[in-house]
Amino acid sequence: MPPWWCFGLTDVYEKISELAKRRGFFWPSYEIYGGVAGFYDYGPYGVLLKNRIVEKWRDFFVRRHQDYVVEIESPIIAPGIVFEASGHAEHFTDPVVSCLKCGRKFRADHLVEEALGISVEGLSLEELGRIIRDNNVKCPLDGGELGDVRVFNLLFRTQIGPYEGDIGYIRPELAQGMFVAFKRVLESMRSRLPIGVAQVGRVGRNEISPRQAMVRLREFTIMEMEYFIDPEDLSGNCPFFDEMAGKRLRVQSYTMKVKGEEPQWLTLEEAVESKVIVDKCLGYWMAIGQEFVESLGVPAEQMFFMEKGPHERAHYSAQTFDQVVKVSRWGLIEVAGHSYRGAYDMSRHMAYSKADLTVFKPYKEPVLVKERKVIVDKGVVGRLFRDKAGEVLEALQAASPEDIESYLASGSPTIKVGGFEVPRGAVKIVEVEEKAWGKKVLPNVVEPSFGVDRVVYVTFEYAYREREGRVILAFPRDIAPVQAAVFPLVENDENLIAEARSLYKTLVREGFQVIYDDTGSIGRRYARADEIGVPAAFTIDYQTLEDKTVTMRDRDTWRQVRLPANNVVEALRKFLKGEPLDSLGTPFK
RNA sequence: GCGGCGGUCGUCUAGCCUGGACUAGGACGCCGGCCUGCCAAGCCGGAGGUCCCGGGUUCAAAUCCCGGCCGCCGCACCA
């Protein structure tokens, strides 16, 4: 007979959502008001799990690379200009029309351009709508009537302060926070490249129709790093590359995808050498990304890196890989995006903010640079042009030394520049020799970006086990939301209870997350603990009262050892780091 | 946003087609008590339900009709 919780549940996904709700991991938000699609709550154990996963990500991406990678935190709301600079405002306001017959949505501008062969750049929604009506543009698939042209915007919009003109947006990604703060971070970290700037935080995307539970949300958490590198020193940018060079990755390039080929196993080194991955750093962080997800209990064979094609990539990206994991319900889901963003964002923010976001790169030896300079006799220009003198000087500075030199060479009495005629005697060209100590470069950016909620979901699904009609969440020990359970063998013996409470308190004081439970039979309590994935259970029995030893049970094997109560703290610490149960005590039963 | 299917204690469900005896039943879980010397044992007692929401039809609606919300699947969308 199947266990009770199997009745009516058709697949793993349903069992998982039922378990997640029942035991307090996660569930849809605002349930008592009927729910709102695209929002999820984390419950007590869900928060613990999520926090441990985030902490592990920090360990892999930040702590282990602390001489190069730092973490910051920036606001969720940004003024409009930030997303104008980033290109998001533009890309998020596509004009869209729906077919009234089949309901399919189309980019209104693309449709008109295709159907009528005219450019519609810069036209308003009303104008686009009129063109569609006047020219009788129909649905390209079934010829159906088209509705009104509407703006389609995935940015959550709000206003900052009381004035309607001050538009703010909820960030749809974390990256802009790092770009905008780059100058400060760089300065506080001694102005050297490479530097990684990481962040964990909430973002919002106003999805059209979110579905797939926690896999597609309107508000979610991202763990992301922008790794800023010197565009001219590609080999020196990844000082830790060699440590991972032999790491085997499963990669499917876009050409392979188009041909329908399976992803192939490559070492990191091979992938970079063969240019399947265009950049060393991009590849390095992909390898770290794979190790990270493996450490959450997802086998390497169940994931791969899928390159996105030119038209599938975001507007900022030169190469992007989706790190995808196989799940029961939806096939492959993207847990991370690994993008080579080049200097796109940095140059945009430089243009919009007028701030200098370049990094000064010192040479090993100063270099002698010969340069031709335009020298202007400002006294002559000033007397001649009076109040226009400023404009004239500006125009002369803007002109290239070569242009001016050609005027001088032509023998012309004046130099025409910016609508002015400057006498040749006021200008001369000199060649100067200067020592250059370095140069300014605009950093390129490599970005590994993880969706926390998807990672949590994947971790949860891969931890799900059934054994003898019972459910076990076999989380890797170091991310288990609750680390240990303490039980008295029976629930009606005060001596056992006192001993158990005392051990429980010791573990809590030592910083562990522990549950104490003295209701029901011991078997029922083990089962309850297994169901929330507690890796170790300590039981106080009658022998404890005689010799101060306790039993320690392993969630995954259900085997037990006996060890002195004094050693429990140390044993638990070792166990959570991965030491086998047998090394921690003597076999029991 | 379009189409299909669905929504009943914490969870999984029975009931819906064929409206009335449904004061919405069960199982598991939960709480209290008894029992229990290691894997969801047993006994006794208890709490727990806006039958997704709103409107309509009817003497009478969990049940029929309409609209909405939410979920799943397919299409579209996912910079």
Side-chain angles (χ1 to χ4, degrees), chain A residues 2-11 13-15 17-24 27-39 83 86-94 96-107 139 141-142 144 147 150 152-155 172-173 205-213 215-218 308 311-317 320 329-330 334 337 467-472 487-493 496 519-531 537-545 550-551 553 555 558-560 562 588-589:
Chain A
W4 65 268
W5 39 258
C6 270
F7 297 136
L9 294 176
T10 58
D11 67 3
Y13 168 74
E14 288 188 27
K15 291 177 188 178
S17 1
E18 183 271 324
L19 178 63
K21 274 194 266 189
R22 189 163 49 80
R23 298 311 308 265
W27 55 77
S29 302
Y30 309 114
E31 280 183 306
I32 67 165
Y33 287 108
V36 183
F39 298 92
F83 293 113
S86 72
H88 285 86
E90 191 186 332
H91 283 82
F92 269 59
T93 52
D94 294 338
V96 174
V97 275
S98 314
C99 169
L100 298 176
K101 193 164 150 195
C102 65
R104 272 179 264 258
K105 275 184 186 293
F106 305 95
R107 281 281 294 266
C139 171
L141 295 178
D142 62 6
R150 281 185 296 189
F152 192 67
N153 197 339
L154 261 68
L155 285 173
E173 60 167 19
R205 302 180 186 185
N206 204 357
E207 299 278 357
I208 313 165
S209 71
R211 227 186 261 171
Q212 302 179 311
V215 171
R216 229 170 112 199
L217 297 171
R218 288 189 164 123
K308 289 201 161 188
H311 301 294
E312 302 166 323
R313 287 197 295 259
H315 59 273
Y316 49 69
S317 171
T320 298
R329 183 68 157 241
W330 301 297
E334 177 195 346
R467 179 173 178 182
E468 296 175 25
R470 288 167 34 171
V471 172
I472 298 138
F487 306 135
L489 183 61
V490 295
E491 58 180 316
N492 65 353
D493 186 310
L496 295 185
T519 62
S521 71
I522 187 71
R524 180 197 229 68
R525 285 178 267 151
Y526 286 143
R528 271 203 285 253
D530 287 346
E531 212 177 46
F538 298 95
T539 299
I540 276 60
D541 57 15
Y542 292 100
Q543 196 178 326
T544 310
L545 303 178
V550 302
T551 67
R553 170 189 181 269
R555 171 198 68 199
W558 296 359
R559 285 191 297 118
Q560 286 174 286
R562 184 169 280 280
F588 173 72
K589 285 211 161 176

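Convention: sequence-line order gives letters A, B, ...; per-chain numbering from 1.
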**Student:** Give me the atom names and distance for the closest heavy-atom approach of A:Trp27 to A:Ala20.
**Tutor:**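 In terms of heavy atoms, the two residues are closest at CE3-O, 4.5 Å.
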**Student:** Quantified in whole Å, what is the P atom distance between nucleotide B:A24 and nucleotide B:C53?
**Tutor:**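 It works out to 15 Å between them.
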**Student:** Between B:A79, B:C39, B:C72, which nucleotide gets closest to the side-chain atoms of A:Tyr13?
**Tutor:**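 Comparing B:A79, B:C39, B:C72 against the side chain of A:Tyr13, the answer is B:C72.
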**Student:** Would you say the side chain of A:Glu491 and the base of B:C35 hold a donor-acceptor pair, judged only by whether the two atoms sit under 3.5 Å apart?
**Tutor:**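 Answer yes: a donor N or O sits under 3.5 Å from an acceptor.
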**Student:** Between B:A40, B:G37, B:C31, spot the one nearest the side chain of A:Leu489, thanks.
**Tutor:** B:G37
**Student:** Measuring only the C1' atom in each nucleotide, how far is B:C30 from B:G49? A whole number of Å is fine.
**Tutor:**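 Pairwise C1' distance, B:C30 against B:G49, rounds to 15 Å.
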**Student:** Spell out yes or no: do the side chain of A:Arg22 and the base of B:C12 have one donor N/O and one acceptor N/O closer than 3.5 Å?
**Tutor:**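 No, no donor-acceptor pair under 3.5 Å.
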**Student:** Is any N or O donor-acceptor pair between the side chain of A:Tyr33 and the base of B:C69 shorter than 3.5 Å?
**Tutor:** no
**Student:** Between A:Ala37 and A:Ile540, which has a closest nucleotide on RNA chain B that is more 5'?
**Tutor:** A:Ile540
**Student:** Taking atom P in both B:G19 and B:G15, compute the distance separating them and give it to the nearest angstrom.
**Tutor:**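 To the nearest whole Å, 16 Å.
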**Student:** At under 4.0 Å, does any side-chain N or O of A:Arg524 touch on OP1 or OP2 of B:A41?
**Tutor:** yes
**Student:** Can you identify which nucleotide, out of B:C70, B:C39, B:C30, has its nearest atom closest to the A:Gln560 side chain?
**Tutor:**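 Output: B:C39.
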**Student:** Between A:Arg559 and A:Gln212, name the one whose nearest nucleotide on RNA chain B is closer to the 5' end.
**Tutor:**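 Result of the comparison: A:Arg559.
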**Student:** Using a distance-only criterion (donor-acceptor N/O pair, under 3.5 Å, no hydrogens), is the base of B:C72 paired with the side chain of A:Arg329?
**Tutor:** no
**Student:** What nucleotide, of B:C72, B:G32, B:C38, holds the atom closest to the side chain of A:Tyr526?
**Tutor:** B:C38
**Student:** Would you indicate which nucleotide in B:C39, B:U36, B:C38 comes nearest to any side-chain atom of A:Phe588?
**Tutor:**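 Nearest to the side-chain atoms of A:Phe588, counting from C-beta on, is B:C38.
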**Student:** Rounding to the closest angstrom, what is the interatomic distance between B:C66 and B:A61 at atom C1'?
**Tutor:**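 Result for the C1' pair: 15 Å, nearest Å.
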**Student:** B:U36, B:C39, B:C72: which one has an atom nearest the side-chain heavy atoms of A:Asn492?
**Tutor:** B:U36
**Student:** Counting heavy atoms from C-beta on, name the nucleotide in B:C12, B:G37, B:A79 closest to the side chain of A:Leu154.
**Tutor:**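 The closest nucleotide is B:A79.
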**Student:** Taking the side chain of A:Arg216 as heavy atoms from C-beta outward, which of B:C77, B:A40, B:A79 is closest to it?
**Tutor:**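 Closest nucleotide among those given: B:C77.
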**Student:** Output the single nucleotide from B:U11, B:C30, B:A79 whose closest atom is nearest the side chain of A:Lys21.
**Tutor:** B:U11
**Student:** I'd like the C1' distance from B:C16 over to B:C51, given in whole Å.
**Tutor:** 11 Å
**Student:** Searching all strands shown, indicate the nucleotide that pairs with B:G1 (Watson-Crick or G-U wobble; both distances under 3.5 Å).
**Tutor:**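 Because both required distances fall under 3.5 Å, B:G1 counts as paired with B:C75.
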